[in-house]
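Reviewing the structure listed below.
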2 protein chains.
Amino acid sequence: MGTKGSANRQRIVDAADYLFYSRGYNQTSFSDISDKTGIPRGNFYYYFKTKEDILAAVVDARLIEFKDMLKCCENAASGPLERLHALVQFPLQRETQILQYGCPIGSLSSELVKDQDTEISQTRLTAVFDLLKNWIEEQLNKLGQSARGDDIAKDLLAKMQGIIIIANVYRDAEFLRRGINDIQSWLNQTLSH
Amino acid sequence: MGTKGSANRQRIVDAADYLFYSRGYNQTSFSDISDKTGIPRGNFYYYFKTKEDILAAVVDARLIEFKDMLKCCENAASGPLERLHALVQFPLQRETQILQYGCPIGSLSSELVKDQDTEISQTRLTAVFDLLKNWIEEQLNKLGQSARGDDIAKDLLAKMQGIIIIANVYRDAEFLRRGINDIQSWLNQTLSH
DNA sequence: TAAAAAATAATACGATTGTCTTAGAATAGG
DNA sequence: CCTATTCTAAGACAATCGTATTATTTTTTA
């Protein structure tokens, strides 16, 4: 089995991941990925049958990235509440990118719901949201919030998405920090009983 | 001065407005607009020099739409708090579209921050957000919240964007209604003192 | 090391993109 | 009514899109 090939495949996915994030899926062409990797445009067909296949691979890659992030949150704290706080604070580590390009899943999702053809990848994208939602619910369960777990998890995701959208539109780092702070206060208030 | 011409121009803008919302700006071609209006593709150049000019016209149209919406909120209620509630409730009137395509300004804005070339229209888009923000601040001023007006206005916008994003991703009408309800509770709580 | 498989390079394909031109039709004002 | 202007129809334009093919080189396996 070729090991060189899968390395090049990964380079394509990495370049596409970055470009889909910074320019958007539909605004990224094969030529763009070719320029960034040095791999000839026509060669992509060897690894991926269609552009949507590349998208699927990128979404899979982001799934892994977010799983790593959640693992990181689990390692950073032992208690469920502290882990939730770690999750909420994560955008601060990506402040520059967040302010420039928004949320890696939120913005891609917003773009893809408008594509009628890419239904397959759309379901994959909600899978990323579900990954986060399930993890949040897991922490809430440990805090005895199993009843309203689904609602609170969605609320938390909505709050984070909203903060990121506005911070992105106004390129307002201060608002991002304050917004995340407010979410943490809300978390403490909601989960103390 | 020709009156027929400006009518056709308006038809182009209307079709583009709908298509940009339902499919996205970059996923809408001149051919799409041509198909929807029956106006030959090559004819657009008579009214608009570039595609971005059409975008600018669409953004202007949405500015007017949102101004109308704000006027509608002003007519619906006499007090500033009630007017804010009217604004918050507005997405419920567009429930179907919101669930399908998201927010008309939020989603377009998310798409355009990623375009490096369309800076001009990007500033126009923040103008739509500013329109809302200024109106909200205006109501807050009347409620004696002039000090934290900017912060609260951004918070309100963020909350609405977040709710709409999640409701859109999960196509969850119930969450949309509950989320808006929660925003109203938050409004009452924040502005009562 | 020889045969098989995997990977690379380069290019061609039809379709579509946004842009632009031009000839003619409709409509206006004098 | 005639001229000038505004508008419409149709299509050409180069560039780029995603896709596909083929010949060749590299790597793996036996």
Side-chain angles (χ1 to χ4, degrees), chain A residues 1-20 22-59 108 111-112 114-122, chain B residues 1-20 22-59 108 111-112 114-122:
Chain A
M1 236 179 238
T3 53
K4 181 98 172 290
S6 50
N8 261 5
R9 194 196 127 101
Q10 192 58 42
R11 283 175 56 215
I12 294 175
V13 173
D14 288 344
D17 192 353
Y18 172 77
L19 289 168
F20 290 176
S22 58
R23 301 185 190 181
Y25 171 70
N26 288 286
Q27 291 89 268
T28 300
S29 70
F30 280 55
S31 297
D32 292 331
I33 306 174
S34 173
D35 291 345
K36 192 149 190 71
T37 57
I39 299 169
R41 195 171 82 260
N43 247 30
F44 296 166
Y45 188 69
Y46 178 75
Y47 301 102
F48 308 96
K49 292 227 182 353
T50 65
K51 191 186 180 186
E52 200 175 331
D53 283 347
I54 300 184
L55 174 61
V58 167
V59 173
L108 186 57
E111 184 180 356
L112 293 183
K114 310 226 168 189
D115 274 326
Q116 53 264 54
D117 309 325
T118 48
E119 309 149 22
I120 312 128
S121 301
Q122 171 60 19
Chain B
M1 238 179 236
T3 53
K4 181 98 172 289
S6 49
N8 261 4
R9 194 197 127 103
Q10 191 58 42
R11 282 174 56 213
I12 295 175
V13 173
D14 289 344
D17 192 353
Y18 173 76
L19 289 168
F20 290 176
S22 57
R23 303 186 189 182
Y25 171 69
N26 288 286
Q27 291 90 266
T28 300
S29 69
F30 279 57
S31 297
D32 292 330
I33 305 175
S34 173
D35 290 346
K36 194 150 189 66
T37 57
I39 299 169
R41 196 170 82 259
N43 245 29
F44 297 166
Y45 188 70
Y46 178 76
Y47 301 103
F48 309 96
K49 293 227 181 353
T50 64
K51 191 185 179 186
E52 201 175 328
D53 283 348
I54 300 183
L55 175 60
V58 167
V59 173
L108 186 57
E111 185 180 355
L112 294 182
K114 310 225 168 189
D115 275 326
Q116 53 266 54
D117 308 326
T118 47
E119 310 148 22
I120 313 127
S121 300
Q122 171 59 19

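Just the heavy atoms: all of them, side chains too, but no hydrogens, waters or symmetry mates, feed the values below. Because the structure is predicted, anything quoted here is derived from the model rather than measured. Here is the naming used below: chain letters follow the sequence lines, and residue numbers restart at 1 for every chain.
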| note | Here the distance between atom P of D/dA9 and atom CZ of B/F44, to the nearest Å, is 11 Å

| task | Find the distance A/K51:NZ to C/dT17:C1' and express it as a whole number of Å. | result | 13 Å

| said: Restricting to ring-ring contact (aromatic ring centres under 6.0 Å, His included), what partner residues turn up for A/F48, sequence neighbours left out? | reply: none

| request: Identify, with sequence neighbours excluded, every residue that meets salt bridge (Lys or Arg N to Asp or Glu O under 4.0 Å) alongside A/D35. | output: none

| request: Name the residue closer to the 5' end of DNA chain D, choosing between A/K49 and A/S31 according to the nucleotide with the nearest heavy atom. | output: A/S31

| In residues 34-43 of chain A, which ones come under 4.0 Å of DNA chain D, going by heavy atoms? | A/R41, A/G42

| message | Any side-chain N or O of B/N8 below 4.0 angstrom from OP1/OP2 of D/dC7? | response | no

| query | Of the nucleotides D/dA20, D/dC17, C/dT19, which one has an atom closest to the side chain of A/Y45? | reply | D/dA20

| said: Does D/dC17 have OP1 or OP2 under 4.0 Å away from a side-chain N or O of A/S29? | reply: yes

| task | Measure from the side chain of A/Y46, starting at C-beta and using heavy atoms only, and say which of C/dT19, C/dA7, D/dC17 lies closest. | result | C/dA7

| request: Please round to the nearest 0.5 Å and tell me the distance separating atom NZ of B/K114 and atom CG of A/N26. | output: 11.5 Å

| Rounded to the nearest 0.5 Å, how far does OG1 of A/T37 lie from CZ of A/R9? | 13.5 Å

| request: For the helix from C/dT1-D/dA30 to C/dA28-D/dT3, measure the angle between the helix axis at one end and the axis at the other, each built from five pairs, rounding to 10°. | output: 10°

| remark: Sorted by chain and residue number, the side chain to side chain donor-acceptor pair (under 3.5 Å) partners of A/R11 (sequence neighbours excluded) come out as A/N8

| query | How would you list, by chain and number, every residue that makes a salt bridge (Lys or Arg N to Asp or Glu O under 4.0 Å) with B/R41, sequence neighbours excluded? | reply | none

| query | Between atom CG in B/N26 and atom C1' in C/dT16, what is the gap in whole Å? | reply | 15 Å

| request: Round to a whole Å and report the spacing from CG of A/D53 to C1' of D/dT19. | output: 12 Å

